[in-house]
Enquirer: 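Dumping the structure here so I can ask a few things about it.
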Amino acid sequence: METYNKLQGGLYGLLIGDALGVPYEFHLAEEIPSYNDIEMIPPSGFHRAHRGIEPGTWSDDGAQALCLLDSIITCGKFCLKDFSDKLLFWYQEGMWAVDGVVFDIGIQTGEALMAYKSGMASEKCGIIRPDGKGNGALMRVLPLALWHTGTDKELVMDAHSQCLITHGNICNQVCCGLYCLVARFLLNSLEFSKALEHAIQVLQSIYKEMPEYEQELEWSVRPDEPWVGNGSGYVVDCLRSAFMIMKRAGNYEEAVKQAIMLGDDTDTTACVTGGLAGILFGFENIPSRWYHSLRGKEEVEKLITLLKGEN
């Protein structure tokens, strides 16, 4: 039951963080409401982003994460083609989007999926912008850690591979690998600082045989420096923002509200942070008012039941 509580907490933590952050996206930190006023429905007078979208609706972050979970459960392994097909189906038909409505998509993701539709190999689509280092692959990768039963290296390699369809730059791959290891060790009941420390050590060991990746970890992610972030869409900053918050948050609500208070890419920062917080503090720690206001969760429950059966 403890494992199930963490699995359920991770997936719902991601989706609820995303949905909570949607109305506050694109605002500067000083424009974000006070801590106590951050809710699914912002206070009166706040000019929320995506004004036509009902409160409690996850965005592209949550939809792509569900596409990934759906794909690995269906295939019994990570399959880049199946995942790419599902992402394209999401983009064109609204698969795993609430009400089938796609209302938020990164420029790079859109370009990559259109290239895939036109016949480009999925392994190459994510490098049509070679220097693209947005957080579009990081925001969706958590289901791999929730599902995976392979070795640490196998988990990291799959985390790398899921980037390729939209965000193939090595920097994105390294961030996703580290994030998945942290999530895995939280699932194994380590507290956050120890999970992060162990994840860095394991990843450094894996990368001893991959010098380019080892260099990217040390030079771009900078694991020896204090974890500080600004809530932007840059993948390293998004990762560092989540880790900064997780080192000081005392519960799920604190974690996602602190993520949103950074401003800018609020839905993704809260999504990435919320997934880890949901694992660490468990599903029961997620405020019930947010769970009950989350739209589209009926179908999610089916995936969680299947995920539970595989763990």
Side-chain angles (χ1 to χ4, degrees), residues 10-12 14-19 22 50 52-54 56-129 132 134-148 158-168 172-173 176 180 267-268 271-272 275 294-307 309-310:
L11 189 58
Y12 274 119
L14 179 158
L15 294 172
I16 289 170
D18 178 13
V22 163
H50 312 293
I53 300 300
E54 289 187 44
T57 302
W58 63 73
S59 70
D60 55 331
D61 306 40
Q64 290 185 41
L66 293 172
C67 284
L68 178 57
L69 182 56
D70 186 358
S71 178
I72 54 181
I73 288 176
T74 299
C75 297
K77 63 179 181 179
F78 177 72
C79 173
L80 182 58
K81 184 183 186 307
D82 185 80
F83 177 50
S84 301
D85 288 343
K86 283 182 169 57
L87 285 186
L88 183 59
F89 195 35
W90 158 74
Y91 186 38
Q92 295 187 305
E93 304 293 337
M95 181 182 193
W96 287 111
V98 180
D99 298 330
V101 176
V102 177
F103 64 89
D104 189 16
I105 181 170
I107 295 173
Q108 181 170 339
T109 298
E111 291 177 349
L113 292 178
M114 284 298 94
Y116 181 64
K117 179 183 178 182
S118 299
M120 182 178 287
S122 52
E123 294 84 354
K124 297 181 178 180
C125 292
I127 54 172
I128 56 175
R129 290 193 176 205
N135 54 18
L138 179 64
M139 68 189 192
R140 68 187 182 220
V141 73
L142 182 64
L144 268 177
L146 300 179
W147 167 86
H148 218 286
D158 281 345
H160 289 179
S161 296
Q162 69 86 31
C163 296
L164 300 181
I165 178 61
T166 59
H167 292 75
N172 305 314
Q173 297 181 45
C176 288
C180 279
D267 59 333
T268 301
C271 165
V272 171
L294 184 69
R295 304 177 65 238
K297 57 181 173 290
E298 295 75 18
E299 292 300 313
V300 176
E301 287 293 337
K302 298 176 184 178
L303 281 184
I304 290 179
T305 299
L306 292 172
L307 179 63
E310 297 192 9

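Positions are given from 1 along the sequence. This one's a predicted model, so the numbers in the text were calculated from it and none came from an experiment.
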Enquirer: Given 3.5 Å as the limit, does a donor-acceptor pair link the side chain of D61 with the main chain of D18, or not?
Expert: no
Enquirer: Under the criterion side-chain contact (heavy atoms from CB on, under 4.5 Å), I'd like the reasoning laid out for W90 against L113: C-alpha separation, chi angles, the key distance, then a yes or no.
Expert: CA-CA 10 Å; W90 158 74; L113 292 178; 4.1 Å; yes
Enquirer: May I ask you to check whether R140 and T109 show a side-chain donor-acceptor distance below 3.5 Å?
Expert: no
Enquirer: Answer whether the closest heavy-atom distance between the side chains of H160 and N172 falls below 4.5 Å.
Expert: no
Enquirer: Is L68 close to F78 at the side-chain level, that is, under 4.5 Å between some pair of heavy atoms?
Expert: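 Side-chain contact under 4.5 Å: yes.
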Enquirer: Okay, side chain of Q64, backbone of L87: is any donor-acceptor separation there less than 3.5 Å?
Expert: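 A pair under 3.5 Å: no.
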Enquirer: Using side-chain heavy atoms (C-beta onward) and a distance below 4.5 Å, is L80 in contact with S161?
Expert: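 The answer is no; the side chains never approach within 4.5 Å.
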Enquirer: Please walk me through it: do V272 and N135 pass side-chain contact (heavy atoms from CB on, under 4.5 Å)?
Expert: CA-CA 9 Å; V272 171; N135 54 18; 5.9 Å; no
Enquirer: Should Q92 and V102 count as side-chain neighbours, where that means a heavy-atom distance under 4.5 Å?
Expert: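 Side chain of Q92 against side chain of V102, heavy atoms only: no contact under 4.5 Å found.
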Enquirer: Could you grab the distance from atom NE2 of H167 to atom CD1 of I127, nearest 0.5 Å is fine?
Expert: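 Answer rounded to 0.5 Å: 13.5 Å.
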Enquirer: Report yes if some heavy atom in the side chain of E301 is under 4.5 Å from a heavy atom in the side chain of Y12; otherwise report no.
Expert: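 They are in contact (side-chain heavy atoms under 4.5 Å apart), so the answer is yes.
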Enquirer: Is a side-chain N or O of S71 found less than 3.5 angstrom from the main chain of C67, in a donor-acceptor match?
Expert: no
Enquirer: Let's go through L307 and L303 carefully: what are the C-alpha distance in whole Å and the side-chain angles of both, what is the deciding distance for side-chain contact (heavy atoms from CB on, under 4.5 Å) to 0.1 Å, and is it a yes or a no?
Expert: CA-CA 6 Å; L307 179 63; L303 281 184; over 6 Å; no
Enquirer: Distance check, rounded to the nearest 0.5 Å: C79 atom SG versus K86 atom NZ?
Expert: 8.5 Å
Enquirer: Heavy-atom distance under 4.5 Å between the side chains of L15 and L66, does that happen here?
Expert: yes
Enquirer: Answer yes or no: is there a side-chain heavy-atom contact under 4.5 Å between T57 and F103?
Expert: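 The answer is yes, as the side chains (C-beta and beyond) meet within the 4.5 Å cut-off.
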Enquirer: Check whether any side-chain heavy atom of L294 sits under 4.5 Å from a side-chain heavy atom of W58, and report yes or no.
Expert: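 L294 reaches W58 side chain to side chain.
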Enquirer: Do the side-chain N and O atoms of Y91 and D60 include a donor-acceptor pair separated by under 3.5 angstrom?
Expert: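 No, no side-chain donor-acceptor contact under 3.5 Å.
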Enquirer: For E299, which of K302, K297, R295 qualifies under salt bridge (Lys or Arg N to Asp or Glu O under 4.0 Å)?
Expert: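 When salt bridge (Lys or Arg N to Asp or Glu O under 4.0 Å) is applied between E299 and each of K302, K297, R295, only K302 qualifies.
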Enquirer: CD1 of I128 to CD of Q108: how many Å apart, nearest 0.5 Å?
Expert: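 Going from the CD1 atom of I128 to the CD atom of Q108 covers 7.0 Å.
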Enquirer: Determine whether I165 and E123 satisfy the following criterion, side-chain contact (heavy atoms from CB on, under 4.5 Å), listing intermediate values before the conclusion.
Expert: CA-CA 6 Å; I165 178 61; E123 294 84 354; over 6 Å; no
